[in-house]
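In each ligand, atom 1 is the first atom listed, and ligand 1 is the first ligand listed.
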Amino acid sequence: MENIIKAIQEATIEIKHLIETGDTSKSENQNSTGDTQLKLDIASDIIIEKYFKELSNVKAIISEEQENIIPINENGEYLIAYDPLDGSSLVDVNLSVGSIYGIYKNDFNGKNIVASVYVVFGPRVELVYCDSQTVKMYRLQDGVFNYIKDIKLKKQGNLKAPGSTQQCWYPHHKVMINSFFEDGYRLRYSGGMVPDLHQILLKGGGLFSYPATSDLPKGKLRQLFEVFPFALTYKCAGGGAIDGYKELLEIETNHIHDTTPCFFGSINEIQKVLEVYKSHA
Ligand code: AHM
Ligand code: MG
C-alpha cells in the first residue's frame, strides 16, 4: 500500500502544478456519465494513470473519466477507482477542488474497499488517508507531505451541506433540511464535495447530502469513485454514511459508473436522516 500512497503524492504534486498553470476550458469529449470533460480533467487523469501503471501490486484501475477498467498486473493485489479532479469546473472561479481514490481488493464494490485517499487543492494542499482504521491528515509543505493529525468527528456538529437542485427535492427531504436549519445549522456548500466534506470533518461535524431527486432518482455522485471512498473515511472518523435507508458500503454495484443518493455526517445527524427517510419508505 505504501507505494500506492507514494504514487498518489507524486501525482498530486503534478496536478497542483496543472491547476495553477493549466487551461480551464472545455474539451470536445464527454465522460461515461455524459459530462463534458474539461481539459484539466483529461490532463489530471493522464498524470494519475502514468503513476499507477508503474505499480506491480495494482491489478487494475478505473477512472471516472474513462469508460472501462484498465488492467495493470494480473497478479496485483489492489484495484483502484479514482476521480482525478472532482469539482474541476470550480477551478476557473478559484474555489477548492480535489482528487478522490478508493482502493479495493478482489472486486470493485463497497464491501471490498480497504482504504481511501482524498486530496484537497485549496489555499493549501492536504491529503487524507484512511486505512480502514484511522483517518490521517497530511499537508504538502516544501514538496513534502507532513503528518498533521488524526481526524475524529464529534457526535454532532452544526454545518449543513445540502447538494443537488432544490426545485427537484422530494417533500420529506425538503422538510428535513429545513428542520436542520431551524435547529441552528449553518449552510456550508461550495459545490465541490471534497472541500465540503473536508470542512465538515475538520470542523467537528454536520451533514453533507446528495439525495435522490425527481430529476436524478439515483443521485448524481458515483459509487466507486466518490461515494465509497468518503463512506469509508466518515465511518472510520466515527461518523456515518448512508443512502437514506442503509449503509452506503453495503449497497450493490452493478456497473462501474453507478451513482447513488448519499448522506455523510456525524452519527446524530445520520440517525435523524434514517428516521425521516424510514418514515417515508
Ligand atoms: P464532478 O465529478 O462532475 O465534478 O461532479 C461532482 C460534484 C461534487 O463535487 C459536488 O458535490 C456535486 O458535483 C455538486 O453538484 P450540484 O451542483 O448538483 O449540487
Ligand atoms: Mg467527481
Side-chain angles (χ1 to χ4, degrees), residues 11-12 15 18-19 22 24-27 29-45 47-48 61-67 80-102 108 116-122 126 128 159-170 173-174 177 187-201 206-231 233-234 241 243 248 256-265:
T12 296
I15 294 171
L18 175 76
I19 293 169
T24 59
S25 67
K26 290 180 179 167
S27 74
N29 307 337
Q30 288 193 337
N31 67 14
S32 299
T33 323
D35 306 325
T36 300
Q37 292 173 307
L38 300 190
K39 291 177 183 165
L40 287 176
D41 292 317
I42 297 170
S44 34
D45 191 33
I47 292 171
I48 294 169
I61 57 176
I62 172 71
S63 164
E64 181 179 301
E65 302 303 337
Q66 298 196 41
E67 185 69 41
I80 310 175
Y82 53 96
D83 183 353
L85 200 57
D86 184 79
S88 53
S89 64
L90 299 172
V91 174
D92 65 355
V93 290
N94 206 14
L95 282 174
S96 298
V97 294
S99 304
I100 312 166
Y101 303 84
F108 284 112
S116 63
V117 175
Y118 70 82
V119 178
V120 192
F121 297 95
E126 289 176 340
V128 176
L159 303 182
K160 181 71 198 84
S164 76
T165 307
Q166 299 181 16
Q167 187 188 29
C168 301
W169 285 356
Y170 291 118
H173 183 78
K174 198 170 200 156
I177 299 297
L187 176 66
R188 293 289 183 271
Y189 193 73
S190 73
M193 71 183 295
V194 178
D196 288 340
L197 285 163
H198 190 56
Q199 179 168 202
I200 290 172
L201 281 168
L207 182 72
F208 174 98
S209 51
Y210 206 105
T213 51
S214 56
D215 59 337
L216 293 171
K218 292 187 173 165
K220 169 185 181 185
L221 300 176
R222 297 85 173 172
Q223 297 177 6
L224 297 178
F225 314 106
E226 298 169 326
V227 173
F228 295 155
F230 273 110
T233 302
Y234 265 67
D243 70 352
L248 281 166
I256 48 181
H257 290 281
D258 278 354
T259 61
T260 178
C262 54
F263 299 82
F264 306 94

Going by atom types only, do [X] and [Y] share a side-chain donor-acceptor pair under 3.5 Å?
{"X": "E65", "Y": "Q37", "result": "yes"}
{"X": "T213", "Y": "S164", "result": "no"}
{"X": "K39", "Y": "T24", "result": "no"}
{"X": "T260", "Y": "D243", "result": "no"}

Practice item. Please determine which of V194, L221, L248, V128 meets the side chain to side chain contact (heavy atoms under 4.5 Å, CB included) test together with F230. Key: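 With F230 as partner, V194, L221, L248, V128 yield a single side chain to side chain contact (heavy atoms under 4.5 Å, CB included), made by V194.
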Exercise for review: Please identify each residue that fulfils side chain to side chain donor-acceptor pair (under 3.5 Å) with H173, with sequence neighbours left out.
Suggested key: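 If we apply the side chain to side chain donor-acceptor pair (under 3.5 Å) test to H173, skipping adjacent residues, the hits are Y277.
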Review point. How would you list, by chain and number, every residue that makes a side chain to side chain donor-acceptor pair (under 3.5 Å) with S89, sequence neighbours excluded?
Key: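 S89 satisfies side chain to side chain donor-acceptor pair (under 3.5 Å) with no other residue.
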Exercise for review: Pull up every protein N/O/S atom sitting under 2.8 Å from the Mg ion (ligand 2), skipping waters.
Suggested key: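 Listed by chain and number: D83 OD2, D86 OD1, E226 OE2.
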Review point. Quick one: does F121's side chain get under 4.5 Å of P195's, heavy atoms only?
Key: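 Answer no - side chains too far apart.
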Distances for all N or O pairs of ligand 1 and the protein under 3.5 Å?
unit_1   : atom_1 : unit_2 : atom_2 : d
ligand 1 : 2 (O)  : E64    : OE2    : 3.0
ligand 1 : 2 (O)  : D86    : OD1    : 3.1
ligand 1 : 2 (O)  : R222   : NH1    : 3.1
ligand 1 : 2 (O)  : E226   : OE2    : 3.1
ligand 1 : 4 (O)  : G87    : N      : 2.7
ligand 1 : 9 (O)  : D86    : OD2    : 2.5
ligand 1 : 9 (O)  : M193   : N      : 2.7
ligand 1 : 13 (O) : K220   : NZ     : 2.8
ligand 1 : 15 (O) : K220   : NZ     : 3.1
ligand 1 : 18 (O) : Y210   : OH     : 2.6
ligand 1 : 19 (O) : S164   : N      : 3.1
ligand 1 : 19 (O) : Y189   : OH     : 2.4

Review point. Does atom CD of E67 have more than 12 heavy-atom neighbours from other groups under 6.0 Å away?
Key: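 Atom CD in E67 is packed in, count exceeds 12.
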